[in-house]
Colleague: 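Take this structure first; my questions come after.
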Amino acid sequence: MELKELITQKLQENFPDSFISSNVYMGDLSVEVDKKDIVKICTLLKENSELEFILCEDVTAIDWSKRKDRFTVVYHIFSFKHNFRLRIKANVDESDCTIDTVSSVWNTANWEEREVYDMFGISFNNHPDLRRMYMPEDFEHYPLRKDFPLTGIPGSLSLPKK
Amino acid sequence: MEKLTEKDINPKILQALMDIESDVTVDEALENEMILNMGPQHPATHGVLRLLLRLDGETIVACVPDLGYLHRGYEKLAENMTFYEFIPHTDRLDYLSPMSNNVAWVLAVEKLAGIEAPPRAQYIRMMVAELARIASHLIAIGALSMDVGALTVFLWTLREREKILDIWDLLCGARFTNSYTRIGGVANDAQPEALAMVRDFIVQLEGSIDECERLINSNKIFIERLDGIGVATKEQAIDFGFTGPNLRASGVEFDLRRATPYMFYNEMDFNIPVYTEGDSLARYFVRADEIRESAKIVKQVLDKIPQGETLLNQPKKVLPKKVEVYSKMEELIHDFMIVNFGINPPKGDIYSAIENPKGELGFYLVSEGEGHPWRCKIRSPSFVNLQSLPYLVKGHMISDVVAIIGSLDAIMGEADK
């Protein structure tokens, strides 16, 4: 339990404005932060010698459909030093559907963020190569949004020319 | 052969390829660079991976992978079906080790629902997960050897894998797409004949691996095609997000079975093979050693496996046995409720990951208290491992791309989801 308190305390001390809350569910520690300081927070977590979250496992997002802050971007990072996994959440609203990229902190985030952009339409500021990951470049919709129908949209995928 | 013209390539991908500032220096550089399209239909890309290569002569200056040819939208599908219904879909992620995908999925759902399978079921799951690792690594080694020109090894490793498929056939009735695990246990108990078959297989596996290794470990062509090709240093490997054998080949001793033990791995005695070179050869060596370690674990599982139930008695969360559904009223009602409305785990989100043959396979599940997940994210190791490809192939020859893809062992079913 000590490490979980240490992480919460460190974030609270360094980012009193951006730190929102932390909770433990089924043994997973998850912290919620404001999106404006996400790069600074990630840099701290990676470079602090007591924490060393050097492996970024996953970047993803959740679409809450009708909530005020429609999207939540979720990061999973891992510390080899403590064998511990931390979840960071940052809310993104539909009206300002952007968040800073953390690919400068962890290279892994590059493709993961492209996938989030492809699936949810959240764009990442300062991303080195923000293109669609899976869908064709001329596809106009964001498939993992809740308002995208399961059956797809007829005619939205163009057939190869020739 | 048709010439590649600019209209064949999407301008954005082409732009990305041309934008890469390359630090590759070529002796006697040619005046013009060439763009080569590799895949998506290419036998050496192990599926439908497409690469765009910018070449100077035969040297690769820059590379842009293009994914998505096998994208089936499993995350979207998962949001629209119950937790039970998604089990067969996990087979199609990493289709070379369906069993361990099944295990990963049910462990994630069990964590979300706050239940735990009985010990015998957990031991059986450990056994099938390790057998899946052996099967997957056998293919990886065979395919890598075939990519660099040693065809015999592929035939021999596939022969061994065939025996594992036979075991699965007896164990659960399917050879490829197993769907063997259930939430709260496994579909059926492991029969004594199946366990005997596993034991026979493990005993003779050692000899077969030695046989394969004798063929390639001292083969000059094989070594020279892989030695020093596609080197990822320790820092790079972590930065790329490598997990699994690829990370351990770069000198990081990290294995989720040891780092965050799940099931009964903390009671098992096994080593974590680590090599420090970080090249394609080291990645091959790690896989070969891991087969032996997995065999060791399977042997211990067979010795320790307890008697008892293989399905948890938790009627609201676990499907009852079919025999009871046909004969008892209560069970019929529970079966109906779970099939139609799902298991409704409490509101919350969890991340659960296991050490798959390719690396860390994780599921991030968000439940809103309904029968289907609100969000299901598949953290697939192949996808993350593939990301390093442009860095690893830089400055190498075209023929080395094949070796590097083979040694990374990425499966497109999983990378594209």
Side-chain angles (χ1 to χ4, degrees), chain A residues 23 25-28 30 46 54-65 72 74 76 78-80 82-87 89 103 105-112 114-116 118-119 128-139 143-146 148-152 160-162, chain B residues 7-8 10-13 15-16 19-20 64-71 73 75-77 79-80 111-112 114 235-236 238-243 247 252-254 256 258-260 346-353 360 362 364 366 368 374-375 377-379 383-384 386-388 391 415-417:
Chain A
N23 79 315
Y25 182 70
M26 297 280 179
D28 294 0
S30 121
K46 187 191 176 189
I54 51 176
L55 181 74
C56 173
E57 289 182 316
D58 191 28
V59 179
T60 184
I62 309 167
D63 178 5
W64 295 106
S65 185
T72 304
V74 186
H76 284 96
F78 197 88
S79 164
F80 289 137
H82 302 289
N83 278 334
F84 184 78
R85 184 177 291 122
L86 172 68
R87 181 183 308 136
K89 289 184 187 173
S103 59
V105 186
W106 300 286
N107 213 346
T108 327
N110 189 327
W111 276 23
E112 302 276 8
R114 276 179 62 189
E115 192 194 337
V116 173
D118 188 4
M119 293 293 146
D129 180 25
L130 197 64
R131 286 182 294 123
R132 283 187 173 266
M133 191 77 238
Y134 293 134
M135 305 308 288
E137 295 285 354
D138 50 1
F139 191 67
L144 274 181
R145 286 192 177 188
K146 290 285 177 184
F148 187 88
L150 181 63
T151 46
K161 291 174 189 88
K162 274 190 253 189
Chain B
K7 72 169 170 49
D8 293 326
N10 187 291
K12 278 189 186 164
I13 300 174
Q15 191 61 42
D19 280 351
I20 297 174
V64 172
D66 183 17
L67 279 78
Y69 288 89
L70 203 59
H71 180 64
E75 292 176 2
K76 185 86 179 172
L77 282 174
E79 287 171 13
N80 290 282
K111 188 175 174 185
L112 185 66
E235 288 72 31
Q236 277 178 329
I238 295 170
D239 201 30
F240 291 148
F242 273 1
T243 44
L247 183 64
V252 185
E253 192 182 336
F254 173 65
L256 282 172
R258 194 54 66 70
T260 55
K347 234 178 172 178
D349 55 344
I350 59 104
Y351 180 85
S352 161
E360 175 186 331
Y364 175 56
V366 181
E368 285 282 83
W374 179 260
R375 170 87 175 103
K377 159 78 191 189
I378 304 160
R379 191 268 182 211
F383 175 69
V384 180
L386 262 183
Q387 185 168 182
S388 65
Y391 303 92
D416 282 353
K417 288 181 267 203

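Chain letters run A, B, ... following the sequence lines, proteins first and then strands; every chain starts at 1. Predicted model only: the values in this text are computed from it and were never measured.
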Colleague: If we define contacts as heavy-atom pairs under 4.5 Å, which of A:M119, A:R87, A:M135 has the most with chain B?
Modeller: A:R87
Colleague: Taking the side chain as everything from C-beta on, heavy atoms only, tell me whether A:R131 gets closer than 4.5 Å to B:V64.
Modeller: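 Touching, per the 4.5 Å side-chain cut-off.
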Colleague: Work out which heavy atom in B:L77 is nearest to a heavy atom in A:L150; give both atom names and the distance.
Modeller: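 In terms of heavy atoms, the two residues are closest at CD2-CD1, 4.1 Å.
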Colleague: What residue in B:F254, B:F242, B:W374 has the most heavy-atom pairs under 4.5 Å with chain A?
Modeller: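 The answer is B:W374.
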Colleague: Examine whether an atom of A:V59 lies under 4.5 Å from a heavy atom of chain B, and if so say whether it belongs to the side chain, the backbone or both; otherwise answer neither.
Modeller: backbone
Colleague: Do you know which of A:W111, A:F80, A:W64 has the most heavy-atom pairs with chain B at a distance under 4.5 angstrom?
Modeller: A:W111
Colleague: To the nearest 0.5 angstrom, please state how far the NZ atom of B:K377 sits from the CD1 atom of A:I62.
Modeller: 11.5 Å
Colleague: Side chain, backbone, both or neither: which part of A:E115 has a heavy atom under 4.5 Å from chain B?
Modeller: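 The side chain, not the backbone.
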Colleague: So which part of A:F148 gets closer than 4.5 Å to some heavy atom of chain B, the side chain, the backbone, both or neither?
Modeller: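 Contact with chain B is through both the backbone and side chain of A:F148.
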Colleague: For B:K111, which atoms come within 4.5 Å of any heavy atom of chain A: side chain, backbone, both, or neither?
Modeller: both
Colleague: Rounded to the nearest 0.5 Å, how far apart are CD of B:E235 and CG of A:N107?
Modeller: 13.5 Å
Colleague: For a quick test of reading the model, state the closest non-hydrogen atom pair linking A:N83 to B:A259 and the distance between them.
Modeller: OD1-CB, 3.4 Å
Colleague: May I ask you to decide if the ring planes of A:Y134 and B:F383 are parallel, tilted or perpendicular, using 30° and 60° as cut-offs?
Modeller: tilted
Colleague: B:R375 side chain to A:A61 main-chain N or O, any donor-acceptor pair under 3.5 Å?
Modeller: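 Indeed, once roles are kept as given, a pair shorter than 3.5 Å links the two residues.
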Colleague: Do A:K146 and B:E79 touch side chain to side chain, with heavy atoms closer than 4.5 Å?
Modeller: yes
Colleague: Rounded to the nearest 0.5 Å, what separation is found between the CG atom of A:D58 and the CD1 atom of B:I378?
Modeller: 10.5 Å
Colleague: Which distance, rounded to the nearest 0.5 Å, do you find between the CD of B:Q387 and the CE of A:M133?
Modeller: 7.5 Å
Colleague: Which heavy-atom pair separates A:R85 from B:A353 by the least distance, and what is that distance?
Modeller: NH2-CB, 3.9 Å
Colleague: Under 4.5 Å from any heavy atom of chain B, what part of A:R114 do you find: side chain, backbone, both or neither?
Modeller: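 Answer is neither: A:R114 stays 4.5 Å or more from chain B.
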Colleague: B:E368 versus chain A, heavy atoms under 4.5 Å apart: side chain, backbone, both or neither?
Modeller: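 Contact with chain A is through the side chain of B:E368 alone.
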Colleague: Could you tell me which non-hydrogen atom of A:E112 sits nearest to which non-hydrogen atom of B:V384, and how far apart they are?
Modeller: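 Taking every non-hydrogen atom into account, OE2-CG2, 3.3 Å.
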Colleague: Can you say whether A:R132 sits under 4.5 Å from chain B via the side chain, the backbone, both, or neither, judging by heavy atoms?
Modeller: neither
Colleague: Quick one: are A:T60 and B:R379 in side-chain contact, heavy atoms under 4.5 Å?
Modeller: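 Side chain of A:T60 against side chain of B:R379, heavy atoms only: no contact under 4.5 Å found.
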Colleague: Sub-3.5 Å donor-acceptor pair from the side chain of B:K76 to the main-chain atoms of A:P149, do we have one?
Modeller: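 Not a single qualifying donor-acceptor pair exists.
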Colleague: Is it the backbone or the side chain of B:L386 that comes under 4.5 Å from a heavy atom of chain A, or both, or neither?
Modeller: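 B:L386 touches chain A through backbone and side-chain heavy atoms alike.
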Colleague: Is it the side chain or the backbone of A:N110 that comes within 4.5 Å of chain B heavy atoms, both, or neither?
Modeller: both
Colleague: Between B:E75, B:Q236, B:E360, which residue shows the highest count of heavy-atom pairs closer than 4.5 Å to chain A?
Modeller: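 Option with the greatest count: B:E360.
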Colleague: By a 4.5 Å heavy-atom criterion (distance strictly below it), what part of A:V105 contacts chain B: side chain, backbone, both, or neither?
Modeller: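 Only the backbone of A:V105 comes within 4.5 Å of chain B.
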Colleague: Measure the CG-CZ distance between B:L256 and A:F78 for me, rounded to the nearest 0.5 Å.
Modeller: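 Answer for the CG-CZ pair, B:L256 versus A:F78, is 6.0 Å.
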Colleague: Can you tell which of B:V252, B:D349, B:V366 has the highest number of heavy-atom pairs within less than 4.5 Å of chain A?
Modeller: B:D349
Colleague: Under a 4.5 Å heavy-atom cut-off, does chain A meet the side chain of B:D239, its backbone, both or neither?
Modeller: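 When you check distances to chain A, atoms from both the backbone and side chain of B:D239 fall under 4.5 Å.
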Colleague: Work out which heavy atom in A:H76 is nearest to a heavy atom in B:Y364; give both atom names and the distance.
Modeller: CE1-CD1, 3.4 Å
Colleague: Taking all heavy atoms of A:Y25 and all of B:P346, pick out the closest pair and write down the distance.
Modeller: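 In terms of heavy atoms, the two residues are closest at OH-CG, 3.6 Å.
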